[in-house]
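Just follow the structure's listing: the first ligand is 1, and inside any ligand the first atom is 1. Positions are given from 1, in the same order as the sequence printed here.
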Amino acid sequence: MEDRTGTNGTVFCEKGRLYTKSYDPGRRVYSERLLSVAGSEYREWNPSRSKLAAYLATGGVSYPLNRGSKVLYLGAANGTTVSHVSDIVCDGTVYAVEFSPRSFRDLVRMSETRKNVNPLLADATNPSEYSFAVDKVDVVYSDVAQKNQADILADNMDMYGARFGMLCIKARSEDVAAKPEEVFEMSKRRLQERGLKVHEMRSLEPYEKDHVMIVAERPRTSYAVAFREDGRFMMVYHPRRKGWEMPGGKVESGESSADAAVRECLEESGYEVKVIAEKDIGYCDVCAVKVLEKVSDGEMESSFFDSIPDELSFDRAEYETVIPWARSEIFRD
Ligand SMILES: C[S@@+](CC[C@H](N)C(=O)[O-])C[C@H]1O[C@@H](n2cnc3c(N)ncnc32)[C@H](O)[C@@H]1O
């Protein structure tokens, strides 16, 4: 059994066939072949039954999954591909969204022994329907075979802060009359209009006719955890999101994450700041910064806090980690 190059040690090959290492040894999810090698069980992954396997079998190079990834999977059906994603992200989580109650029953059965699969009976066109169960994810994988596939992916990536998106486009689901190539180009353009960088658009032929897989990435963002000398930290109030958040935003081309945090602080709050430390938290960079002085009116209302306020735009748990980190970096001595 060899590693399939570029899959971070999560997908394997033998005699030209793909395999994943079973999360749930001894059990088949569909009629896949099981193989025992050196005390581990591997499940054959047929590219004609799974578009993610087809993407790898046709040479896909932008595979973003690893063992610890959190994946939001849209259009889980009865779990054929989800089961392999569960093998792949064995130390992570798969949130599997499906709106057909019949398929959902199979997903629930599978999740009884695959503890990293969380089945959600919900409509992927309305991502807030499952916000009670899903927090931030690393990757959104979408295979909903319905109209507006690009927007469904982008809406879910926005809502759940995903860095990567994988989108299976079935040309006929978008428009039965249009040429498949036009549909694919239109979907790619739409993702770019939504601010995503498209790394790869790969035809899944000969395994799936008139299908492509698009892999996209959200450009890097950066935010500042800004402390004043009195030990209080700054947040800005976002009127549309109706919550307090740390000043930050997109890293522009030619900028470092630290430059972006300084610029965003100034634009949003009117405060000049100095970067003390930086930290990569996966989907974005966080900078611990010292507040210097107010030099202009910011675009947003800003305030200094002793503790995290109740009304927040984003995840409290993340702030509970980054604020103590920034405090210890800034007040080291
Ligand atoms: C092509 S199948 C998915 C196959 C599956 N990804 C696999 O590889 O095993 C598309 C699935 O998406 C589901 N679906 C379509 N639109 C949806 C939506 N808006 N929300 C949730 N599920 C949806 C369908 O019920 C169907 O089960």
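Between Asp143 and ligand 1, a contact under 3.5 Å exists for at least one N or O pair. Residue Tyr73 has at least one nitrogen or oxygen atom sitting less than 3.5 Å from a nitrogen or oxygen atom of ligand 1, judged on distance alone. Looking at Gly79 next to ligand 1, no N or O pair under 3.5 Å apart turns up. For ligand 1, the polar-atom distance check finds no N/O of Ala76 at less than 3.5 Å from any of the ligand's N/O atoms. At least one N/O-N/O distance between Gly75 and ligand 1 falls below 3.5 Å. For ligand 1, the polar-atom distance check finds no N/O of Ser103 at less than 3.5 Å from any of the ligand's N/O atoms.
The number of heavy-atom neighbours closer than 6.0 Å to NZ of Lys136, taken from other residues, nucleotides and ligands shown, is above 12. Under a cut-off of 6.0 angstrom, the local environment of CD in Glu2 is sparse, with at most 12 non-hydrogen atoms contributed by other residues, nucleotides or ligands. Within 6.0 Å of NZ on Lys147 lie more than 12 heavy atoms contributed by other residues, nucleotides or ligands.
Evaluated by nearest non-hydrogen atom to atom 21 (C) of ligand 1, the leading choice among Phe99, Tyr141, Tyr130 is Phe99. Ranked by closest heavy atom to atom 7 (C) of ligand 1, the top entry among Thr81, Leu120, Val29 is Thr81. The option from Glu208, Gln146, His211, Lys147 that lies nearest to atom 16 (N) of ligand 1, judged by heavy atoms, is Gln146.
Proximity to Asp123 (heavy-atom distance under 4.0 Å) selects the following atoms of ligand 1: 18 (C), 19 (N), 20 (N). Remark: ligand 1 atoms within the under-4.0 Å shell around heavy atoms of Ala77 are 3 (C), 4 (C), 5 (C), 27 (O). The contact set between ligand 1 and Lys51, taken as ligand atoms under 4.0 Å from a residue heavy atom, comprises 1 (C).
Val262 and Phe227 are assigned to two separate hydrophobic clusters, defined by single-linkage of ILVMFWY side chains at heavy-atom distances under 4.5 Å.
Panel note: side chain Glu255, backbone Glu252; a donor-acceptor pair is recorded below 3.5 Å. A donor-acceptor contact shorter than 3.5 Å links the side chain of Asn116 to the backbone of Ser86.
Considering only non-hydrogen protein atoms, atom 20 (N) of ligand 1 sits nearest to Ala124 N, 2.8 Å. In this structure, atom 25 (O) of ligand 1 lies nearest to the protein heavy atom Glu98 OE2, 2.6 Å. Protein heavy atom in closest approach to atom 15 (C) of ligand 1: Val144 O, 2.9 Å.
Counted by atom type alone, Thr81 and Tyr141 present zero donor-acceptor pairs between their side chains at under 3.5 Å.
Ion pairing between Asp87 and Arg114 holds under the 4.0 Å rule for side-chain N and carboxylate O.
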message: Using the rule given for side chain to side chain donor-acceptor pair (under 3.5 Å), can you reason through His84 versus Thr20, listing the C-alpha separation, both sets of side-chain angles and the distance that settles it, and then say yes or no?
response: CA-CA 6 Å; His84 288 283; Thr20 55; 2.9 Å; yes
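The shortest separation from a heavy atom of Ala122 to ligand 1 is under 4.0 Å, placing the residue in contact.
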